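Quick caveat, the model's predicted, so the values are computed rather than measured. When reading the values below, keep in mind they use all heavy atoms of this one structure, side chains included, and skip hydrogens, waters and symmetry mates.
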Amino acid sequence: MKPPPFTYHAPRDLDEALDLLAEVDGKVLAGGQSLIPLLNMRLAAPAHVVDVNRLPGLSGIEAGPEGVTVGALARQAEVARAGVHPLLGQALRLVAHPVIRNRGTVVGSLVHADPAAELPAVLAVLGGSVRLARRAPGGTGVRQVAADAFFAGPLESAAEPGELAVSAFFPALPPRSGSAFEEVARRHGDYALLAGVCAVVTLDEDLHVAAARVACVGVGPVPVVADVSEVCGRRPAATVPWEAVTEAVRRAVEPEDDIHASAAYRLHLVGVLAERALREAAARAAAPP
Amino acid sequence: MEHEITLVVNGAARRARVPGRRLLSDCLRHDLGLTGTHVGCEHGVCGCCTVLLDGEPVRSCLTLAVTVDGREITTVEGLAGPDGLSPVQRAFEECHALQCGFCTPGFLCTVTALLRDNPAPAEDEVLDGISGNLCRCTGYQNIVKAVHRAADLLAEERAPSAGEPPRDGEAS
Ligand SMILES: Cc1cc2nc3c(=O)[nH]c(=O)nc-3n(C[C@H](O)[C@H](O)[C@H](O)COP(=O)(O)OP(=O)(O)OC[C@H]3O[C@@H](n4cnc5c(N)ncnc54)[C@H](O)[C@@H]3O)c2cc1C
Ligand code: FES
Ligand code: FES
């Protein structure tokens with residue numbers, strides 16, 4: 001239960017980090033709350049580890065009218081404390097435990113792309129994006145990857161070897177919107193291992209549902225986004241045909257059996273959780289805090 | 001390749017030569033001889049190895065020693081003051097919040113930081129605060145009591161004018 005040997009690098013600025021990542025076949029070390037368990041369990045054995053914890057200027061949490069930009073070194077606990085986005089706050093309470101969140105980063109969780117992790121669902125349902133930087137001839141190459149292209153498979157994101165994720169952008173909720181995150185896990189802080197659903201609902205001026213989206217995790221290789229606006233219909237949340245909505249969400253996912261739960265149970269759960277999350281989000285949209 | 005690092009542990013600068021892969025938990029225990037920090041699972045689940053990094057509780061088994069070069073670490077050995085056990089430690093003793101004691105260093109560090117940030121936590125805040133620490137002996141009831149008791153002891157310390165109430169050693 002100790003990491004295998006590797007060559008350790010601690011670049012002091014972004015240029016040095018990108019040079020190193022271009023040169024060596026290295027793994028980025030951010031909060032270490034996923035990478036170090038993998039090293040300790042010898043499930044990963046990188047020849048080089050590039051520790052980005054000393055890079056200046058990557059800890060920012062910037063909230064604007066369009067949304068929130070979270071830097072690569074902003075810890076999950078700091079982002080939760082900043083209170084900059086309701087859905088991020090709702091999701092972060094479910095991520096691991098307070099002590100893990102003191103080190104773990106929001107961006108690291110996105111790049112790690114665990115299929116049962118909460119934060120990828122948040123990025124997916126909001127239609128956010130991740131900024132990736134790499135050494136390019138004569139400078140720095142930067143690309144912005146949208147959530148639907150960022151999550152490529154279980155534990156696989158679009159970040160390529162040599163690339164550093166510098167920040168993630170979470171769009172703000174539109175006016176008269178509410179959000180919620182519901183999950184079932186056997187133990188608190190143990191991912192959404194059975195299933196998790198986050199929802200965003202936007203109401204119109206008459207408080208009828210104008211838009212409703214969910215993202216489901218734990219039920220597929222990547223977060224599954226379902227737009228259920230049409231199924232909900234332009235009506236008050238109280239008269240939404242919830243059975244049709246849960247059916248639509250269940251049709252969108254293809255969960256699998258594993259040691260934690262059967263596919264059939266997950267399919268059942270995802271419908272129940274989607275209805276709960278959507279109702280809660282609609283209630284919050286109607287009565288903002 | 002080895003790295004020369006300096007950690008400020010419990011107020012004293014300590015130097016060590018460590019390979020990049022040395023976990024902070026092993027650096028504290030093996031290189032610095034501070035075996036109060038316990039190691040249970042080495043993948044972040046049990047919380048035994050929790051120490052304070054610049055005052056914030058972190059898993060020392062999920063932190064490389066080189067990453068925290070130059071920073072301040074507080075281990076269970078550093079919690080007591082010149083007058084003896086800290087209020088959190090006294091509360092654990094009073095409330096019988098430990099049996100074998102293996103999990104205790106992690107709980108003490110976690111709770112010390114919890115009560116600094118939230119001096120009067122509600123029951124659910126206590127449960128959430130210690131949710132990442134496992135104890136195989138106590139069944140948690142007395143640990144939860146000890147957190148509330150520690151909050152009371154700390155409040156008394158902050159308001160000395162209220163006078164020192166009798167300490168009868170009973171869990172309230
Ligand atoms: C006991 C325990 C319980 C947990 N429970 C949950 C949970 O319930 N839900 C949940 O979502 N997570 C959970 N986690 C994981 C935690 O949220 C991690 O913090 C997170 O997955 C990874 O973030 P990190 O900063 O620690 O990344 P690291 O561990 O440092 O890195 C993870 C991976 O991402 C890569 N990476 C990280 N940052 C960058 C970057 N900026 N650019 C390029 N690559 C990068 C690394 O190379 C590595 O491959 C848990 C962890 C533990 C130990
Ligand atoms: S030994 Fe670090 S959490 Fe278990
Ligand atoms: S007292 Fe034995 S594990 Fe907690």
Within the 4.5 Å heavy-atom criterion, are B:Leu64 and A:Leu29 side-chain neighbours or not? yes
Mind checking the CD-NE2 spacing from A:Gln33 to B:His43? Nearest 0.5 Å is all I need. 12.5 Å
For a 4.5 angstrom cut-off between non-hydrogen side-chain atoms, does A:Asn40 reach B:Leu23? yes
Does the side chain of A:Asp51 reach to within under 4.5 Å of the side chain of B:Val66, using non-hydrogen atoms? no
For A:Met41, which atoms come within 4.5 Å of any heavy atom of chain B: side chain, backbone, both, or neither? side chain
Does any part of the side chain of A:Arg103, heavy atoms only, come nearer than 4.5 Å to the side chain of B:Arg59, both counted from C-beta? no
May I ask you to check whether B:Thr67 and A:Asn53 show a side-chain donor-acceptor distance below 3.5 Å? no
State, with a plain yes or no, whether a side-chain heavy atom of B:Pro57 is found less than 4.5 Å away from one of A:Pro98. no
Should A:Tyr8 and B:His3 count as side-chain neighbours, where that means a heavy-atom distance under 4.5 Å? yes
Flag the pair B:Asp69 / A:Arg54 as yes when at least one side-chain heavy-atom distance between them is below 4.5 Å, and no otherwise. yes
Enter the distance from B:Thr110:OG1 to A:Asn102:CG here, rounded to the nearest 0.5 Å. 9.5 Å
Does a side-chain N-to-carboxylate-O contact under 4.0 Å join A:Arg75 and B:Glu56? no
